[in-house]
S.K.: 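Below you will find the structure I want to go over with you.
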Amino acid sequence: MSDPELVEQLLAGKHRALARAITNIEDREPGYRELVSALHRHTGGADVIGVTGSPGSGKSTLVDKLAATYRERGLTVGVIAIDPSSPYTGGAVLGDRIRMGSNVGDMDVFFRSMSARGSLGGLSTATADAVTALDAFGKDKILVETVGAGQNEIDIVKTADTVMVLVPPGSGDDVQMLKAGILEIGDVFVVNKADLEGADRTVQELREMIEYQEGGIPGTAGHHGAVASVKESGDSQSDETGEDWQAAIVETVAKRGEGVEELLETLAEHRAYLDASGRRETQARLRYAEKIRTLLREDTNELLAEEIERRGGLDRFVDRVLARETDPYAVADELLEPVEACLDGRRGRE
Amino acid sequence: MSAEEKQALRCLVAKVGLDGHDRGAHVISRALRDAGFEVIYSGLHRAPEEIVQATVQEDVDVLGISILSGAHNTLVPEILEELEEYDALADTLVVVGGIIPDEDETALREAGVNEIFGPGTSIDAMVEYIREHAPER
């Protein structure tokens, strides 16, 4: 299938074309950039929700139930589920699909498994581009599901408008939560498996952590402040944060669908907040700026790699650095020199 | 793009119908994973339409159907027909593993199955077959 044809068929609603487009994006097939470029102007209609949480926290099951509920409301859904791959063989077993039992045979839930593909890097770029394809296809809701650990994962959920973090009951004390750095990224915290022992405690711990974070600097709203000052700062806090989003906590039992309605309401509230506060646009601006920077970094890297190759490979330079004939900074300057000269030349002509 | 970014082969390992024997499918899934493939496992008791949905959406290079129930003459052609409806049959390698009597093989192959692996097939042979015959895209 040629690329213009692929774009045409994707926009016409052909599932096969959407699937192939995502494959091309994932594999970085020649022409994938043109493909994503052509799709971009058709995007902007979808609501993108990131779902993250430790393995076994129930992400896939919850995503399945969310998708089914959206479908009941007449909305179409895209899901991208990212699973780790073996760092040794690159192989992977992508198992999230097994949980999609509520959407059997419903082609309007487009579920796609992606592997993290180890060192390939650029996973967040590939994910964002796959979201572009689903958005252009016309999906109303796009759920991006990923194991919440590490920078890579955090980068991925940043492609979402709303980030949902699943916290299983009894997932350790509050230090664990601090360590994972999940508080900063979550708009909505979901204590899933809320029927298990320890759920109340987990909710309480989360609430404390969130309030502590909202309270800001200890001393203005900390535990040890005088009663009066606590009250005062409490008041100003509510004024100040009138437009701010305070991370919400929702309890669910995903396998029985409990709490899903409430979760959807909370997600809708966050969406309303994004629009009313202008956050949606701010986030999108940040996202696109970051995307442009990433692409530029990758492209200039590639350009320079070619140049290094042309000049006999990096090893030659390393040899000279080892022999103390030159140093890494001088080598970098030397290799960049033609680029700088070229830019200078251009500016001179302007 | 540099050579090390070449894509991994994607395979769907599928259990279809009322057939609870998944040991083989699990072993195959792991073996394919260790061979560097990306494996999507369907889980047990899937309907043909679910297999089709997964094959189309995941855009797999290889569909492996594991079936030990004896219902292959009904279920496999059903999957193949539906794949055709989504234009997904031509560029998907379809292999069947399980207990398939010799006299059924011809009909399955005519319906579009590329290869059938019976009991005793070595995993290496299977991996090699898939590598060799995975569709060019």
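By convention in this document, chain letters (A, B, ...) are assigned in the order of the sequence lines, proteins followed by strands, and residues within each chain are numbered from 1.
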S.K.: Is the number of heavy atoms from other residues, nucleotides or ligands within 6.0 Å of CG (B:Leu18) greater than 12?
M.R.: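 No - once you tally the heavy atoms of other residues, nucleotides and ligands closer than 6.0 Å, there are 12 at most.
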S.K.: Would you give the length of the straight line joining atom CD1 of A:Ile98 to atom NZ of B:Lys15, rounded to the nearest 0.5 angstrom?
M.R.: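 With rounding to 0.5 Å, CD1 (A:Ile98) is 13.0 Å from NZ (B:Lys15).
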S.K.: Can you confirm whether more than 12 heavy atoms, excluding those of A:Lys141, are under 6.0 Å from its NZ atom?
M.R.: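 Counting other residues, nucleotides and ligands, NZ of A:Lys141 exceeds 12 neighbours.
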S.K.: Would the number of heavy atoms belonging to other residues, nucleotides or ligands and lying under 6.0 Å from CD of B:Glu132 be above 12?
M.R.: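 Enclosed: over 12 neighbouring heavy atoms sit under 6.0 Å from CD of B:Glu132.
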S.K.: Ion pair present between B:Asp87 and A:Arg16, side-chain N to carboxylate O less than 4.0 angstrom?
M.R.: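 No, this pair does not count.
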S.K.: Please say whether more than 12 non-hydrogen atoms of neighbouring residues, nucleotides or ligands are located less than 6.0 Å from CD in A:Glu8.
M.R.: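 Atom CD in A:Glu8 is not crowded, with 12 or fewer foreign heavy atoms closer than 6.0 Å.
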S.K.: Got a second to check how far A:Ser113's OG is from B:Asp59's CG, nearest 0.5 Å?
M.R.: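 So the gap between those two atoms works out to 12.0 Å.
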S.K.: Tell me the closest heavy-atom pair linking B:Val56 and A:Ala19, and the distance in Å.
M.R.: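 Scanning both residues, the minimum pair turns out to be O-CB, 3.0 Å.
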S.K.: Hey, is NZ on A:Lys255 packed in by over 12 heavy atoms from elsewhere, all under 6.0 Å?
M.R.: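 Atom NZ in A:Lys255 is not crowded, with 12 or fewer foreign heavy atoms closer than 6.0 Å.
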S.K.: Counting C-beta onward and ignoring hydrogens, is there a side-chain heavy-atom pair between A:Ile22 and B:Gln57 closer than 4.5 Å?
M.R.: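 Contact flag for A:Ile22/B:Gln57 side chains = no.
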S.K.: Do the side chains of B:Arg10 and A:Asp27 get close enough for a salt bridge, i.e. N-O under 4.0 angstrom?
M.R.: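 Between A:Asp27 and B:Arg10 there is no salt bridge, as every charged N stays at least 4.0 Å from the carboxylate O atoms.
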S.K.: If we define contacts as heavy-atom pairs under 4.5 Å, which of A:Asn103, A:Thr23, A:Asp96 has the most with chain B?
M.R.: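 Looking at each of A:Asn103, A:Thr23, A:Asp96 in turn, A:Thr23 comes out on top.
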S.K.: So which of B:Glu49, B:Glu58, B:Arg33 has the biggest tally of heavy-atom pairs under 4.5 Å with chain A?
M.R.: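 When all of B:Glu49, B:Glu58, B:Arg33 are compared, B:Glu58 has the most.
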S.K.: Do A:Leu94 and B:Glu38 come close enough that some side-chain heavy atom pair is under 4.5 Å?
M.R.: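 Yes - at least one pair of side-chain heavy atoms lies under 4.5 Å apart.
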S.K.: Answer whether the closest heavy-atom distance between the side chains of B:Gln53 and A:Arg97 falls below 4.5 Å.
M.R.: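 Yes, at least one pair of side-chain atoms sits under 4.5 Å.
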S.K.: Relative to chain A, which segment of B:Tyr86 carries a heavy atom at a distance below 4.5 Å: side chain, backbone, both, or neither?
M.R.: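 Its backbone and side chain both get close to chain A.
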S.K.: Side chain from CB out, backbone as N, CA, C, O: work out which of these in B:Ala54 comes under 4.5 Å of a heavy atom of chain A, or both, or neither.
M.R.: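 Both parts, backbone and side chain.
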S.K.: Between A:Arg20 and B:Asp91, is any pair of side-chain heavy atoms under 4.5 Å apart?
M.R.: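 Result yes, sub-4.5 Å side-chain heavy-atom pair found.
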S.K.: Heavy-atom count around A:Arg71 CZ within 6.0 Å, excluding the residue itself: above 12?
M.R.: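 It does: A:Arg71 CZ has more than 12 such atoms within range.
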